[in-house]
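Taking it in order: structure first as structure tokens, then the write-up.
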Amino acid sequence: MSDKTKLIVLNNPDNPTGALMSQAGLQTIVDIAKSVDTYVLCDEVYRHLTQEDGYSPSIIDLYDKGISTSSFSKVFSLAGIRLGWLATHDQAVMKACLSYRDYETISCGQLDEMVGTLALKYQAVLLERNRGIVRENLKVLEEWVHQQPHITWLKPKAGTTALLYYDFDLPSTIFCDRLL
């Protein structure tokens, strides 16, 4: 980090590990960003899709130069509508992003926007359903991992992915080809 640093980019929760930063961890990043007066862009596409109930703060909850991006694809299970958003308190960044969006996008599909509106209206129901699915899936994976002598992991705290490690004397590309 230096005064030449313009942007810190991260995703929280992380993909593919499923790691979820604590508020204290995010605050550490914010403090570092403030020390060099830089922005923090955080992909939060898995935010709220956690293994435990509770509020996961957004980068924009903690920092006026925070920029959050997300979409309907993961938490709402609506990848097909291809809608997302960017949130920031920084009006200059928002103006630049809106200008770029206006240049790149003619329009969004009306049906997509209607489905997105319904998803927001029933977000509590969708979130409860989807959390239930990922939590049950993680239980199945956890049982499997514990039965495998060559597989280890750090149990994910959020999202729909987990990073598994193996100790076979075999390059990963060959291992994947054999699985395929």
Side-chain angles (χ1 to χ4, degrees), residues 1-79 83-97 100 119-120 123-146 148 151-167 172:
M1 300 297 298
S2 74
D3 60 350
K4 293 182 181 180
T5 304
K6 301 296 181 203
L7 181 69
I8 299 170
V9 180
L10 58 125
N11 48 337
N12 187 46
D14 184 62
N15 178 8
T17 67
L20 177 64
M21 290 180 137
S22 65
Q23 183 166 339
L26 282 173
Q27 189 61 54
T28 299
I29 291 173
V30 167
D31 293 343
I32 292 167
K34 283 181 179 180
S35 76
V36 293
D37 192 34
T38 193
Y39 290 92
V40 178
L41 171 65
C42 189
D43 175 348
E44 298 177 341
V45 75
Y46 285 111
R47 187 167 164 252
H48 301 305
L49 202 54
T50 55
Q51 292 298 320
E52 296 179 4
D53 292 339
Y55 183 76
S56 299
S58 171
I59 195 66
I60 66 170
D61 293 333
L62 305 175
Y63 188 36
D64 59 339
K65 292 182 96 172
I67 306 164
S68 168
T69 59
S70 194
S71 74
F72 286 94
S73 64
K74 307 300 186 206
V75 174
F76 295 107
S77 296
L78 293 170
L83 292 177
W85 56 88
L86 178 141
T88 184
H89 296 290
D90 188 300
Q91 294 304 307
V93 168
M94 183 58 75
K95 183 178 178 182
C97 289
Y100 186 77
L120 292 175
Q123 64 183 308
V125 174
L126 290 170
L127 184 56
E128 181 180 348
R129 172 198 175 268
N130 294 342
R131 277 184 175 164
I133 291 169
V134 297
R135 290 172 182 179
E136 186 59 34
N137 288 347
L138 187 62
K139 287 178 190 175
V140 171
L141 180 59
E142 184 173 27
E143 289 174 15
W144 181 83
V145 167
H146 289 311
Q148 305 305 313
I151 304 293
T152 58
W153 71 336
L154 291 175
K155 185 178 175 181
K157 294 182 178 181
T160 61
T161 60
L163 187 58
L164 304 178
Y165 302 92
Y166 68 89
D167 65 1
S172 60

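For clarity, every value in this text was computed on a predicted model and none was experimentally measured.
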Leu154/Leu163 under side-chain contact (heavy atoms from CB on, under 4.5 Å): CA gap, chis, key distance, verdict: CA-CA 7 Å; Leu154 291 175; Leu163 187 58; over 6 Å; no
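- For CD of Gln23, the number of neighbouring non-hydrogen atoms (other residues, nucleotides, ligands) closer than 6.0 Å is 12 at most.
- Between Phe72 and Trp85, the two ring planes are perpendicular [angle over 60°; tilted spans 30° to 60°].
- For the atom pair OG (Ser77) and CG (Leu127), the distance works out to 10.0 Å, reported to the nearest 0.5 Å.
- Rounding to the nearest 0.5 Å gives a distance of 3.5 Å between OG of Ser68 and CD of Glu44.
- Of the possible polar contacts, one joining the Thr38 side chain to the Thr5 backbone as a donor-acceptor pair under 3.5 Å is found.
- Using a 4.5 Å heavy-atom threshold, the side chains of Lys65 and Lys34 count as separate.
- Within the model, atoms CG of Leu20 and CD of Gln51 stand 10.0 Å from one another, a figure rounded to the nearest 0.5 Å.
- Few gaps surround OH on Tyr55; more than 12 heavy atoms of other groups in view lie less than 6.0 Å from it.
- Shown here are the side-chain hydrogen bond (donor to acceptor under 3.5 Å, both in side chains) partners of Arg129, two or more places apart in sequence or in another chain: there are none.
- Separating the OG atom in Ser73 from the OH atom in Tyr46 is a distance of 7.5 Å, to the nearest 0.5 Å.
- For Met94 against Thr88, the heavy-atom pair with the smallest separation is CE-CG2, 3.8 Å.
- Shown here for Ile32 and Ser35, the closest heavy-atom pair between the two residues is O-OG, 2.6 Å.
- Distance check, rounded to the nearest 0.5 Å: CD of Glu136 to CG of Leu141 gives 12.0 Å.
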Contacts under 3.5 angstrom, residues 7-14 side chains, donor-acceptor by atom type, not counting sequence neighbours:
| unit_1 | atom_1 | unit_2 | atom_2 | d |
| --- | --- | --- | --- | --- |
| Asn12 | OD1 | Met21 | N | 2.7 |
| Asp14 | OD2 | Thr17 | N | 3.3 |
| Asp14 | OD2 | Thr17 | OG1 | 2.6 |

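- Considering all non-hydrogen atoms of both residues, Ala87 and Ile60 come closest at O-CG2, 3.4 Å.
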